[in-house]
Amino acid sequence: SMAERQGLKKGRLALMAVSTASYFAPRLLGEFSHKYPGIEVSLKVTNREQVLAGLADNLADLYILGQPPEDIEVEAKPFMCNPLVILAAPDHPLAGQVDIPLARLAKEPWLMREPGSGTRMAVERLFEDEGIEFRPRMDLGSNEAIKQAILAGLGIAVMSTHSLTLNPPGQFAVLKARGFPILRQWYAVYPAGRPLSAVAATFLDYLLAQDAAQARCAAP
Ligand code: PGA
């Protein structure tokens, strides 16, 4: 039977994923492991720079990134939408406003992920492309630390909507900023020209079979 065939799939699957993936990867892996109990999965969650270093050193079978690498030849398969928004405390003065220009947001204190973070790179690129100076106030090493700092009134931050999965609605204000949300994709990445193991190919097929509506990345 189908179930027997799935049960017979055995082997190891090593994954490396950027930090924001910690909000959805375990759920995907739960379903996958239930379907393929013979496959032993490990997931290392770290920032973009470390994931790219892992890719260069061949530390995993598949890598999950918010943006494919630019200087390594890879296959990059988008499998899910990743909207980036600007989060603020619910009582922030900009919370009720619409069409907020980036130049206005630049005057706010910005809470930043650590150097090496893909999220940080996205924020820096955004301001750079518009030629606007902004005010990084503090570097924090994790999305959760940034969320706590926002609630403590320390500033605002760009973050994936996936990071709000376990937060009650209304706990944060999503600022209605011009040009936001930035609609990115989650990518499954592996080195070009090297065939995937049977187990990794099975997981990639499973990822790519995720809800097509999610993968399309339409504006919310
Ligand atoms: P980060 O990556 O966890 O390194 O910020 C997230 C992303 O690139 O979307």
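Bear in mind the structure is a predicted one, so any value in this text is a computation, not a measurement. Atoms within a ligand are numbered from 1 in the order they appear, just like the ligands themselves.
- Close contacts between ligand 1 and Arg113 involve ligand atoms 1 (P), 3 (O), 4 (O), 5 (O) [criterion: under 4.0 Å to a heavy atom].
- With respect to the salt-bridge test (charged N to carboxylate O, under 4.0 angstrom), the residues Glu40 and Lys9 do not qualify.
- Side chain of Tyr63 to backbone of Gly54: a donor-acceptor contact under 3.5 angstrom is found.
- Under a 4.0 Å N-O distance rule, the pair Lys35/Glu31 does not qualify as a salt bridge.
- When Glu114, Arg48, His162, Arg184 are checked for heavy-atom proximity to atom 7 (C) of ligand 1, Arg184 turns out nearest.
- Heavy-atom proximity to Asn47, at under 4.0 Å, picks out these atoms of ligand 1: 4 (O).
- Residue contacts with ligand 1, taken as heavy atom pairs separated by less than 4.0 Å, do not involve Gln67 at all.
- Atoms of ligand 1 lying under 4.0 Å from at least one heavy atom of Gly118, given by number and element, are 1 (P), 2 (O), 4 (O), 5 (O), 8 (O).
- The shortest N/O to N/O separation between Thr119 and ligand 1 falls below 3.5 Å.
- Considering every non-hydrogen atom in both Ile156 and Ala88, the closest pair reads CG2-CB, 3.7 Å.
- Remark: side-chain polar atoms of Ser33 are paired, donor with acceptor, to backbone N or O of Leu29 under 3.5 angstrom.
- Phe32 has its ring centre less than 6.0 Å from the ring centre of Phe203.
- Every atom of ligand 1 with a heavy atom of Ser117 under 4.0 Å away is listed here by number and element: 1 (P), 4 (O), 5 (O).
- In summary, the atoms of ligand 1 found under 4.0 Å from a heavy atom of Ser19, numbered by their order in the structure, are 1 (P), 3 (O).
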